[in-house]
Amino acid sequence: MAETYFKVLAHGGAGSDNAFKDGPETACLKILNQLKQGKSVLDSACLGVVSLEDDGRFNAGVGSRTRANGAVQMDASCMDSAGGFGAVAAMEGFKNPVLAARLLVERNEKLLAGSGAEDFAREQGLEVFPGSVSAGGADNAGTDTVGCVVFDGKTFASALSTGGTGGSPAGRVGDVPLIGCGLYAGPYGAVAATGKGEAIALNMTAFRAYQMMEEGMGPQFVLEEVLDWFEEDEDIGLLLVNRKSYAAGSNRSMAWAVME
Ligand code: GLY
């Protein structure tokens with residue numbers, strides 16, 4: 001019988017303190033447990049992100065940073081190499097936006113924003129969290145999107161969640177819900193980006209990184225190339241996985257973990 005091959009990576013965002021590495025480690029353990037129970041790669045990646053959204057030390061879910069008007073607005077997305085994609089943008093009042101993104105994979109509409117995303121989450125019975133409350137304190141100051149990439153030997157998946165840039169205008173949306181910008185997954189691998197959303201989107205970062213892996217370049221080589229696309233004042237971090245290996249890194253500190 002063929003040996004099962006799992007590769008799982010999680011991070012707490014560009015700028016996250018490596019002292020909080022236990023957060024991504026816990027996310028990886030939860031993903032591995034899900035995979036071992038036969039859950040799909042996509043569901044497992046999203047549950048890894050839920051763990052980071054619930055943590056409070058990272059800029060996502062209950063730890064999301066507040067906008068200039070004091071609101072908490074979150075973006076999230078997920079994608080797998082079977083062609084599934086779902087995303088939400090500028091969503092308020094829910095604990096786990098990545099679960100709304102996951103539910104949209106099954107729908108005709110792939111990206112819902114603002115009150116439309118909130119109505120959808122309410123209809124689906126997702127857990128609410130007061131819209132103007134962030135549990136994140138000094139721990140997540142200056143940190144960015146959390147993410148996971150997963151490979152089970154057959155299918156790749158990537159999932160992201162963020163509270164966006166702290167102090168940014170309400171309604172500002174970065175790279176996270178944009179396919180090929182913050183994330184991409186296809187038959188050659190999966191990519192999850194974190195950092196300055198505008199720069200990540202302008203570079204079409206995740207899709208171009210994926211294309212490099214498709215052309216045969218290894219994750220570590222791709223990581224180093226991509227980090228070079230960004231200016232010093234533009235935070236960027238990446239997780240990459242392909243059939244043979246993986247890479248993770250950032251031009252800032254970044255708490256991350258890998259498990260196989
Ligand atoms: N990378 C997340 C954001 O800029 O919103």
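No hydrogens, no waters, no symmetry mates; every other heavy atom, side chains included, goes into these values. Read the numbers this way: they start at 1 and go in the same order the structure lists the ligands and their atoms.
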Starting from the N and O atoms of ligand 1, find every protein N or O within less than 3.5 Å and list the pair with its distance.
unit_1: ligand 1; atom_1: 1 (N); unit_2: Asp144; atom_2: OD2; d: 2.8
unit_1: ligand 1; atom_1: 1 (N); unit_2: Thr145; atom_2: OG1; d: 3.0
unit_1: ligand 1; atom_1: 1 (N); unit_2: Asp175; atom_2: OD1; d: 2.7
unit_1: ligand 1; atom_1: 1 (N); unit_2: Gly195; atom_2: O; d: 2.7
unit_1: ligand 1; atom_1: 4 (O); unit_2: Arg172; atom_2: NH1; d: 3.4
unit_1: ligand 1; atom_1: 4 (O); unit_2: Arg172; atom_2: NH2; d: 2.8
unit_1: ligand 1; atom_1: 4 (O); unit_2: Gly195; atom_2: O; d: 3.4
unit_1: ligand 1; atom_1: 4 (O); unit_2: Gly197; atom_2: N; d: 2.8
unit_1: ligand 1; atom_1: 5 (O); unit_2: Arg172; atom_2: NH1; d: 2.6

Check: residues 110-121 side-chain donor-acceptor pairs under 3.5 Å, at least two apart:
unit_1: Lys110; atom_1: NZ; unit_2: Leu104; atom_2: O; d: 3.4
unit_1: Lys110; atom_1: NZ; unit_2: Val105; atom_2: O; d: 2.7
unit_1: Lys110; atom_1: NZ; unit_2: Arg107; atom_2: O; d: 2.5
unit_1: Glu118; atom_1: OE2; unit_2: Glu92; atom_2: N; d: 2.8
unit_1: Asp119; atom_1: OD1; unit_2: Arg122; atom_2: NH1; d: 3.0

I'd like a table of donor-acceptor pairs (distance under 3.5 Å, sequence neighbours excluded) in which one partner is a side-chain atom from residues 200-219, with atom names and distances.
unit_1: Asn203; atom_1: ND2; unit_2: Ala199; atom_2: O; d: 3.0
unit_1: Thr205; atom_1: OG1; unit_2: Ile200; atom_2: O; d: 2.8
unit_1: Arg208; atom_1: NH1; unit_2: Asn203; atom_2: O; d: 3.0
unit_1: Tyr210; atom_1: OH; unit_2: Tyr188; atom_2: N; d: 3.1

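Under a 3.5 Å cut-off, the side chain of Asp75 and the backbone N or O of Pro177 do not form any donor-acceptor pair.
In the hydrophobic cluster analysis, where Ile, Leu, Val, Met, Phe, Trp and Tyr join through side-chain heavy atoms closer than 4.5 angstrom, Met79 is grouped together with Val176.
Checking Asn251 against Asp235 by side-chain atom types alone, no donor-acceptor pair falls below 3.5 Å.
Screening residues 151-171 for ring pair (Phe, Tyr, Trp, His ring centres under 6.0 Å) gives Tyr5-Phe151, Phe151-Phe156 as the qualifying pairs, with residues at least two apart or on separate chains.
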